[in-house]
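Here is the structure we will look at, set down as C-alpha coordinates.
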Amino acid sequence: MPHGQTEATQPTMKRALITGITGQDGSYLAEFLLGKGYEVHGLLRRASLFNTDRVDHLYRDPHDSAARLILHYGDLADGTGLRRVLERVQPDEIYNLAAQSHVKVSFEMPEYTADIVALGTLRLLEAVRDHCTQRGSAVRIYQAGSSEMYGSAPPRQSETTPFQPRSPYAASKVAAHYYAINYREAWGMFIANGILFNHESPRRGETFVTRKITRAVGRIKEGLQDKLYLGNLDAKRDWGFAGDYVQAMWRMLQQDEPDDFVVSTGESYSVRDFVALAFAELGLDWQAHVEIDSRYFRPSEVDHLEGENGKARSILGWEPAVTLPSLVTLMVQADHKLAQQEALLNSAGHRGPLRGAAHG
(Lines give C-alpha, C1' and ligand atoms only; values in the text may rest on other atoms or scores of the structure.)
Protein backbone atom coordinates (compact mmCIF):
# COMPACT_ATOMS: atom_id res chain seq x y z
CA MET A 1 0.00 0.00 0.00
CA PRO A 2 1.45 3.42 -0.97
CA HIS A 3 2.75 5.58 1.90
CA GLY A 4 0.04 7.80 3.40
CA GLN A 5 -2.85 5.81 1.92
CA THR A 6 -5.04 3.94 4.39
CA GLU A 7 -7.07 0.85 3.58
CA ALA A 8 -10.25 2.95 3.72
CA THR A 9 -8.98 5.35 1.03
CA GLN A 10 -7.27 2.81 -1.21
CA PRO A 11 -8.88 2.84 -4.70
CA THR A 12 -11.03 -0.20 -5.36
CA MET A 13 -10.87 -2.18 -8.56
CA LYS A 14 -13.88 -1.64 -10.82
CA ARG A 15 -16.02 -4.71 -11.46
CA ALA A 16 -17.74 -5.37 -14.75
CA LEU A 17 -20.28 -8.09 -15.57
CA ILE A 18 -20.49 -9.17 -19.21
CA THR A 19 -23.41 -11.24 -20.45
CA GLY A 20 -22.42 -13.06 -23.62
CA ILE A 21 -18.75 -13.06 -22.60
CA THR A 22 -18.03 -16.19 -24.67
CA GLY A 23 -19.09 -14.44 -27.89
CA GLN A 24 -16.97 -12.39 -30.25
CA ASP A 25 -17.71 -9.03 -28.61
CA GLY A 26 -17.57 -10.44 -25.10
CA SER A 27 -14.06 -11.77 -25.59
CA TYR A 28 -12.70 -8.51 -27.01
CA LEU A 29 -14.45 -6.49 -24.31
CA ALA A 30 -13.05 -8.75 -21.57
CA GLU A 31 -9.54 -8.24 -22.95
CA PHE A 32 -10.05 -4.49 -23.09
CA LEU A 33 -11.44 -4.19 -19.55
CA LEU A 34 -8.74 -6.41 -18.07
CA GLY A 35 -6.22 -4.09 -19.73
CA LYS A 36 -7.96 -1.19 -17.96
CA GLY A 37 -7.46 -2.88 -14.59
CA TYR A 38 -11.01 -4.15 -14.13
CA GLU A 39 -12.11 -7.32 -12.40
CA VAL A 40 -14.23 -8.96 -15.09
CA HIS A 41 -17.12 -11.33 -14.46
CA GLY A 42 -18.86 -13.19 -17.26
CA LEU A 43 -22.19 -14.95 -17.57
CA LEU A 44 -21.77 -18.45 -18.97
CA ARG A 45 -24.62 -20.62 -20.26
CA ARG A 46 -24.43 -24.25 -19.22
CA ALA A 47 -23.59 -26.59 -22.11
CA SER A 48 -22.44 -30.19 -22.39
CA LEU A 49 -19.43 -29.06 -24.43
CA PHE A 50 -16.84 -26.43 -23.56
CA ASN A 51 -17.82 -23.15 -25.25
CA THR A 52 -15.21 -20.82 -23.78
CA ASP A 53 -12.60 -21.01 -26.55
CA ARG A 54 -12.74 -17.24 -27.21
CA VAL A 55 -11.79 -16.41 -23.60
CA ASP A 56 -9.60 -19.39 -22.72
CA HIS A 57 -6.45 -17.32 -23.29
CA LEU A 58 -7.66 -14.86 -20.62
CA TYR A 59 -8.73 -17.38 -18.02
CA ARG A 60 -6.71 -18.23 -14.90
CA ASP A 61 -7.49 -20.77 -12.21
CA PRO A 62 -9.83 -19.08 -9.69
CA HIS A 63 -7.58 -20.39 -6.91
CA ASP A 64 -4.93 -17.99 -8.24
CA SER A 65 -5.20 -14.80 -6.18
CA ALA A 66 -4.23 -12.77 -9.25
CA ALA A 67 -7.18 -14.05 -11.32
CA ARG A 68 -9.34 -11.16 -12.52
CA LEU A 69 -11.66 -13.05 -14.90
CA ILE A 70 -14.41 -15.01 -13.14
CA LEU A 71 -17.17 -16.93 -14.91
CA HIS A 72 -20.64 -17.61 -13.47
CA TYR A 73 -23.34 -19.91 -14.79
CA GLY A 74 -26.40 -17.94 -15.77
CA ASP A 75 -28.89 -17.27 -18.55
CA LEU A 76 -31.09 -14.35 -19.60
CA ALA A 77 -34.01 -16.78 -19.53
CA ASP A 78 -33.58 -17.17 -15.75
CA GLY A 79 -34.40 -14.01 -13.78
CA THR A 80 -33.76 -15.62 -10.40
CA GLY A 81 -30.33 -16.75 -11.49
CA LEU A 82 -29.53 -13.24 -12.72
CA ARG A 83 -30.37 -11.83 -9.29
CA ARG A 84 -28.04 -14.33 -7.61
CA VAL A 85 -25.19 -13.40 -9.92
CA LEU A 86 -25.72 -9.69 -9.26
CA GLU A 87 -25.58 -10.29 -5.50
CA ARG A 88 -22.41 -12.33 -5.87
CA VAL A 89 -20.60 -9.95 -8.23
CA GLN A 90 -21.76 -6.49 -7.05
CA PRO A 91 -20.82 -4.97 -10.43
CA ASP A 92 -20.13 -1.31 -11.16
CA GLU A 93 -20.83 -1.80 -14.87
CA ILE A 94 -22.89 -4.33 -16.84
CA TYR A 95 -22.50 -4.99 -20.54
CA ASN A 96 -25.50 -6.88 -21.92
CA LEU A 97 -24.13 -8.60 -25.02
CA ALA A 98 -25.98 -11.93 -24.73
CA ALA A 99 -28.43 -12.74 -27.53
CA GLN A 100 -29.60 -15.20 -30.12
CA SER A 101 -27.90 -12.97 -32.65
CA HIS A 102 -28.23 -14.81 -35.96
CA VAL A 103 -30.79 -13.04 -38.15
CA LYS A 104 -31.59 -16.02 -40.40
CA VAL A 105 -32.00 -18.33 -37.38
CA SER A 106 -34.43 -15.85 -35.81
CA PHE A 107 -36.91 -16.62 -38.59
CA GLU A 108 -36.71 -20.30 -37.65
CA MET A 109 -36.76 -19.67 -33.87
CA PRO A 110 -38.71 -16.43 -33.40
CA GLU A 111 -40.17 -17.23 -29.98
CA TYR A 112 -36.81 -18.22 -28.50
CA THR A 113 -35.18 -15.16 -30.07
CA ALA A 114 -37.78 -12.84 -28.54
CA ASP A 115 -37.49 -14.54 -25.15
CA ILE A 116 -33.73 -14.07 -24.93
CA VAL A 117 -33.19 -10.82 -26.83
CA ALA A 118 -36.24 -8.82 -25.72
CA LEU A 119 -37.57 -10.40 -22.52
CA GLY A 120 -34.07 -11.40 -21.45
CA THR A 121 -33.09 -7.74 -21.47
CA LEU A 122 -36.22 -6.88 -19.49
CA ARG A 123 -35.39 -9.56 -16.90
CA LEU A 124 -31.89 -8.16 -16.52
CA LEU A 125 -33.05 -4.55 -16.20
CA GLU A 126 -35.61 -5.49 -13.56
CA ALA A 127 -33.06 -7.56 -11.65
CA VAL A 128 -30.62 -4.63 -11.69
CA ARG A 129 -33.33 -2.20 -10.57
CA ASP A 130 -34.15 -4.41 -7.58
CA HIS A 131 -30.47 -4.90 -6.82
CA CYS A 132 -29.77 -1.15 -6.83
CA THR A 133 -32.83 -0.40 -4.70
CA GLN A 134 -31.91 -2.99 -2.07
CA ARG A 135 -28.22 -2.14 -2.03
CA GLY A 136 -28.54 1.62 -2.42
CA SER A 137 -25.93 1.39 -5.15
CA ALA A 138 -25.73 2.57 -8.75
CA VAL A 139 -24.86 0.31 -11.68
CA ARG A 140 -24.13 1.53 -15.19
CA ILE A 141 -25.55 -0.62 -17.99
CA TYR A 142 -24.62 -0.94 -21.64
CA GLN A 143 -27.37 -2.40 -23.83
CA ALA A 144 -26.22 -3.86 -27.14
CA GLY A 145 -28.42 -2.73 -30.00
CA SER A 146 -28.02 -3.59 -33.67
CA SER A 147 -28.13 -1.85 -37.03
CA GLU A 148 -30.65 -4.55 -38.02
CA MET A 149 -33.19 -2.48 -36.06
CA TYR A 150 -33.19 0.02 -38.94
CA GLY A 151 -34.19 -2.66 -41.45
CA SER A 152 -35.69 -1.01 -44.52
CA ALA A 153 -34.99 2.58 -43.37
CA PRO A 154 -32.92 4.34 -46.06
CA PRO A 155 -29.22 5.04 -45.34
CA ARG A 156 -27.45 6.76 -43.77
CA GLN A 157 -28.98 5.72 -40.46
CA SER A 158 -28.42 7.77 -37.30
CA GLU A 159 -29.73 7.90 -33.73
CA THR A 160 -32.83 9.75 -34.97
CA THR A 161 -33.68 7.40 -37.86
CA PRO A 162 -36.97 5.56 -37.20
CA PHE A 163 -36.58 1.80 -36.76
CA GLN A 164 -38.12 -0.45 -39.42
CA PRO A 165 -37.15 -3.99 -38.31
CA ARG A 166 -37.30 -6.78 -40.89
CA SER A 167 -36.69 -9.89 -38.77
CA PRO A 168 -37.71 -11.36 -35.40
CA TYR A 169 -34.18 -10.64 -34.20
CA ALA A 170 -34.40 -6.98 -35.22
CA ALA A 171 -37.88 -6.55 -33.72
CA SER A 172 -36.63 -8.08 -30.46
CA LYS A 173 -33.65 -5.71 -30.39
CA VAL A 174 -36.01 -2.76 -30.92
CA ALA A 175 -38.05 -3.92 -27.91
CA ALA A 176 -34.89 -4.23 -25.80
CA HIS A 177 -33.80 -0.75 -26.91
CA TYR A 178 -37.06 0.80 -25.73
CA TYR A 179 -37.08 -1.20 -22.50
CA ALA A 180 -33.69 0.37 -21.80
CA ILE A 181 -34.97 3.88 -22.53
CA ASN A 182 -38.06 3.30 -20.38
CA TYR A 183 -36.01 2.12 -17.37
CA ARG A 184 -33.64 5.04 -17.87
CA GLU A 185 -36.47 7.58 -17.87
CA ALA A 186 -38.78 5.93 -15.32
CA TRP A 187 -36.23 4.87 -12.71
CA GLY A 188 -33.29 7.18 -13.39
CA MET A 189 -30.99 4.28 -14.22
CA PHE A 190 -27.76 4.83 -16.16
CA ILE A 191 -28.40 2.82 -19.32
CA ALA A 192 -26.64 3.53 -22.62
CA ASN A 193 -27.85 2.02 -25.88
CA GLY A 194 -25.16 1.23 -28.41
CA ILE A 195 -26.53 0.77 -31.93
CA LEU A 196 -23.65 -1.14 -33.43
CA PHE A 197 -23.41 -1.74 -37.15
CA ASN A 198 -21.86 -4.98 -38.41
CA HIS A 199 -18.55 -5.71 -36.74
CA GLU A 200 -16.38 -8.68 -37.55
CA SER A 201 -13.13 -10.39 -36.61
CA PRO A 202 -11.36 -13.76 -36.75
CA ARG A 203 -13.49 -14.66 -33.70
CA ARG A 204 -16.78 -14.23 -35.57
CA GLY A 205 -18.96 -17.34 -35.58
CA GLU A 206 -18.55 -19.46 -38.69
CA THR A 207 -22.26 -19.28 -39.63
CA PHE A 208 -22.10 -15.48 -40.08
CA VAL A 209 -21.53 -14.51 -43.69
CA THR A 210 -18.16 -12.75 -43.30
CA ARG A 211 -16.55 -15.61 -41.40
CA LYS A 212 -18.23 -18.14 -43.67
CA ILE A 213 -16.50 -16.39 -46.58
CA THR A 214 -13.03 -16.08 -45.05
CA ARG A 215 -13.17 -19.64 -43.69
CA ALA A 216 -14.03 -20.93 -47.17
CA VAL A 217 -11.25 -18.91 -48.84
CA GLY A 218 -8.61 -20.55 -46.65
CA ARG A 219 -10.04 -24.04 -47.17
CA ILE A 220 -10.34 -23.56 -50.96
CA LYS A 221 -6.73 -22.36 -51.11
CA GLU A 222 -5.63 -25.56 -49.34
CA GLY A 223 -7.81 -27.81 -51.50
CA LEU A 224 -10.14 -28.74 -48.65
CA GLN A 225 -13.29 -27.55 -50.45
CA ASP A 226 -14.15 -26.22 -53.88
CA LYS A 227 -17.40 -24.26 -53.61
CA LEU A 228 -18.84 -21.55 -51.35
CA TYR A 229 -22.63 -21.20 -51.35
CA LEU A 230 -24.06 -17.79 -50.50
CA GLY A 231 -27.34 -15.90 -50.68
CA ASN A 232 -27.83 -12.21 -51.56
CA LEU A 233 -24.55 -10.77 -52.85
CA ASP A 234 -26.07 -7.31 -53.39
CA ALA A 235 -26.86 -6.57 -49.72
CA LYS A 236 -24.73 -3.66 -48.47
CA ARG A 237 -23.37 -3.44 -44.95
CA ASP A 238 -21.24 -1.09 -42.85
CA TRP A 239 -18.49 -3.44 -41.61
CA GLY A 240 -16.01 -2.62 -38.86
CA PHE A 241 -13.65 -4.44 -36.50
CA ALA A 242 -15.13 -5.81 -33.27
CA GLY A 243 -11.98 -4.90 -31.33
CA ASP A 244 -12.58 -1.22 -32.17
CA TYR A 245 -16.28 -1.32 -31.33
CA VAL A 246 -15.98 -2.65 -27.77
CA GLN A 247 -13.98 0.47 -26.89
CA ALA A 248 -17.02 2.56 -27.83
CA MET A 249 -19.14 0.46 -25.43
CA TRP A 250 -16.81 1.30 -22.55
CA ARG A 251 -16.69 4.99 -23.46
CA MET A 252 -20.49 5.19 -23.31
CA LEU A 253 -20.42 4.14 -19.65
CA GLN A 254 -17.78 6.72 -18.76
CA GLN A 255 -19.99 9.67 -19.71
CA ASP A 256 -21.70 11.96 -17.20
CA GLU A 257 -25.13 11.11 -18.61
CA PRO A 258 -26.45 8.01 -20.40
CA ASP A 259 -27.39 8.31 -24.06
CA ASP A 260 -27.81 6.36 -27.30
CA PHE A 261 -25.03 6.12 -29.88
CA VAL A 262 -24.58 4.73 -33.38
CA VAL A 263 -21.23 2.97 -33.75
CA SER A 264 -20.18 2.45 -37.37
CA THR A 265 -17.48 3.19 -39.95
CA GLY A 266 -19.72 5.40 -42.08
CA GLU A 267 -18.91 3.37 -45.21
CA SER A 268 -20.78 0.45 -46.78
CA TYR A 269 -19.80 -2.37 -49.12
CA SER A 270 -21.78 -5.16 -50.74
CA VAL A 271 -21.37 -8.82 -49.84
CA ARG A 272 -19.95 -9.17 -53.36
CA ASP A 273 -17.27 -6.58 -52.51
CA PHE A 274 -16.35 -8.51 -49.36
CA VAL A 275 -16.15 -11.77 -51.32
CA ALA A 276 -13.92 -10.22 -54.00
CA LEU A 277 -11.53 -8.76 -51.41
CA ALA A 278 -11.35 -12.04 -49.48
CA PHE A 279 -10.59 -14.26 -52.47
CA ALA A 280 -8.10 -11.75 -53.90
CA GLU A 281 -6.19 -11.86 -50.60
CA LEU A 282 -5.05 -15.41 -51.45
CA GLY A 283 -4.88 -14.89 -55.22
CA LEU A 284 -8.14 -16.72 -56.04
CA ASP A 285 -10.89 -15.97 -58.58
CA TRP A 286 -14.09 -15.81 -56.54
CA GLN A 287 -16.35 -16.33 -59.55
CA ALA A 288 -14.85 -19.80 -60.06
CA HIS A 289 -15.88 -20.90 -56.59
CA VAL A 290 -18.98 -18.98 -55.43
CA GLU A 291 -22.49 -20.18 -56.21
CA ILE A 292 -25.86 -18.75 -55.17
CA ASP A 293 -28.20 -20.90 -53.05
CA SER A 294 -31.71 -19.54 -52.51
CA ARG A 295 -31.84 -21.21 -49.10
CA TYR A 296 -29.57 -18.46 -47.80
CA PHE A 297 -31.91 -15.62 -48.74
CA ARG A 298 -33.91 -14.10 -45.89
CA PRO A 299 -37.72 -14.09 -46.02
CA SER A 300 -37.51 -10.28 -45.82
CA GLU A 301 -34.24 -8.71 -46.90
CA VAL A 302 -32.38 -5.69 -45.53
CA ASP A 303 -30.80 -4.04 -48.54
CA HIS A 304 -28.51 -1.28 -47.26
CA LEU A 305 -27.17 -0.37 -43.83
CA GLU A 306 -24.71 2.50 -43.43
CA GLY A 307 -24.27 4.35 -40.16
CA GLU A 308 -23.84 8.02 -39.38
CA ASN A 309 -21.29 8.01 -36.54
CA GLY A 310 -20.87 11.75 -35.97
CA LYS A 311 -22.34 11.67 -32.45
CA ALA A 312 -19.96 8.92 -31.30
CA ARG A 313 -17.02 10.81 -32.80
CA SER A 314 -17.89 14.16 -31.22
CA ILE A 315 -19.13 13.06 -27.77
CA LEU A 316 -17.26 9.81 -27.14
CA GLY A 317 -14.11 10.77 -29.00
CA TRP A 318 -14.33 7.40 -30.73
CA GLU A 319 -13.51 6.52 -34.30
CA PRO A 320 -12.81 3.22 -36.10
CA ALA A 321 -9.15 2.32 -36.58
CA VAL A 322 -9.44 -0.71 -38.89
CA THR A 323 -10.61 -0.29 -42.50
CA LEU A 324 -12.55 -2.98 -44.35
CA PRO A 325 -9.59 -4.07 -46.54
CA SER A 326 -7.44 -4.43 -43.40
CA LEU A 327 -10.22 -6.33 -41.65
CA VAL A 328 -10.58 -8.74 -44.57
CA THR A 329 -6.83 -9.33 -44.58
CA LEU A 330 -6.85 -10.02 -40.84
CA MET A 331 -9.71 -12.52 -41.14
CA VAL A 332 -8.46 -14.31 -44.25
CA GLN A 333 -4.94 -14.73 -42.91
CA ALA A 334 -6.25 -16.14 -39.60
CA ASP A 335 -8.56 -18.57 -41.39
CA HIS A 336 -5.86 -19.54 -43.86
CA LYS A 337 -3.70 -20.63 -40.91
CA LEU A 338 -6.60 -22.75 -39.63
CA ALA A 339 -6.98 -24.33 -43.05
CA GLN A 340 -3.25 -25.08 -43.24
CA GLN A 341 -3.46 -26.79 -39.85
CA GLU A 342 -6.48 -28.75 -41.03
CA ALA A 343 -4.69 -29.84 -44.20
CA LEU A 344 -1.69 -30.97 -42.14
CA LEU A 345 -3.92 -33.01 -39.81
CA ASN A 346 -5.71 -34.55 -42.78
CA SER A 347 -2.38 -35.65 -44.24
CA ALA A 348 -1.70 -37.38 -40.92
CA GLY A 349 -4.97 -39.26 -41.01
CA HIS A 350 -7.32 -36.89 -39.17
CA ARG A 351 -10.56 -36.11 -40.96
CA GLY A 352 -12.98 -33.24 -40.40
CA PRO A 353 -12.70 -29.44 -40.31
CA LEU A 354 -11.15 -27.67 -37.35
CA ARG A 355 -13.71 -25.82 -35.24
CA GLY A 356 -13.44 -22.78 -33.02
CA ALA A 357 -12.62 -19.14 -33.43
CA ALA A 358 -9.24 -17.99 -34.62
CA HIS A 359 -7.69 -15.49 -32.24
CA GLY A 360 -6.82 -12.06 -33.51
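Quick note: numbers below take in every heavy atom, side chains included, and nothing from hydrogens, waters or symmetry partners. As the structure is a prediction and not an experimental result, all values here were calculated from the model.
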Exercise. With no hydrogens and no angle check, do the side chains of Asp238 and Ser268 hold a donor and an acceptor under 3.5 Å apart?
Worked result: no

Exercise. Is it true that atom CD of Gln254 has more than 12 heavy atoms of other residues, nucleotides or ligands lying nearer than 6.0 Å?
Worked result: yes

Exercise. Tracing side-chain links under 4.5 Å among I, L, V, M, F, W and Y, which residues wind up in one group with Tyr229?
Worked result: Tyr296

Exercise. Within a strict 4.5 Å, meaning less than it, do heavy atoms of the Ile141 and Val128 side chains meet?
Worked result: yes

Seminar exercise, completed: The side chain to side chain donor-acceptor pair (under 3.5 Å) partner of Arg123 among Asp115, Thr80, Asp78 is Asp115

Problem set entry | Geometric cation-pi criterion, Arg203 with Tyr28: 6.0 Å, 45° | yes

Exercise. Hey, does the side chain of Thr210 reach the backbone of Glu200 with a donor-acceptor pair shorter than 3.5 angstrom?
Worked result: no

Exercise. Is Lys236 atom NZ crowded by more than 12 heavy atoms from other residues, nucleotides or ligands, each under 6.0 Å away?
Worked result: no

For this session: Could you tell me whether a side-chain N or O of Glu267 sits under 3.5 Å from a main-chain N or O of Leu324, the two making a donor and an acceptor?
Result: no

For this session: Determine whether the side chains of Thr323 and Ser326 contain a donor N or O and an acceptor N or O closer than 3.5 Å.
Result: yes

For this session: May I have the step-by-step check of side-chain contact (heavy atoms from CB on, under 4.5 Å) for Arg298 and Arg166, ending in yes or no?
Result: CA-CA 9 Å; Arg298 299 180 185 180; Arg166 300 270 287 167; over 6 Å; no

For this session: Name all residues meeting the ring pair (Phe, Tyr, Trp, His ring centres under 6.0 Å) criterion together with Tyr150; count only those two or more places apart in sequence or in a different chain, and write none if there are none.
Result: Phe163, Phe197

Exercise. Thinking salt bridges, do Glu306 and Arg156 make one under a 4.0 Å N-O criterion?
Worked result: yes

Problem set entry | Distance-only side-chain donor-acceptor flag, His199 / Asp25, under 3.5 Å | yes

Exercise. Taking side chain as C-beta onward, heavy atoms only, is Arg129 less than 4.5 Å from Tyr183?
Worked result: yes

For this session: Answer yes or no on whether Arg211 is positioned over the face of Phe208, meaning its NZ or CZ is under 6.0 Å from the six-membered ring centre and within 45° of the axis.
Result: no

Exercise. Any luck finding a side-chain donor-acceptor pair between Gln143 and Asn193 under 3.5 Å?
Worked result: no

Problem set entry | Any residue meeting side-chain contact (heavy atoms from CB on, under 4.5 Å) with Arg272, in chain and number order, not counting sequence neighbours | Leu233, Asp234, Ser270, Trp286

For this session: With Glu281 as reference, evaluate Lys221, His336, Gln333 under the side chain to side chain donor-acceptor pair (under 3.5 Å) test and give the passing residue.
Result: Gln333

Exercise. Can we call the ring centroids of Trp239 and Tyr269 under 6.0 Å apart?
Worked result: no

Exercise. Do Pro91 and His41 touch side chain to side chain, with heavy atoms closer than 4.5 Å?
Worked result: no

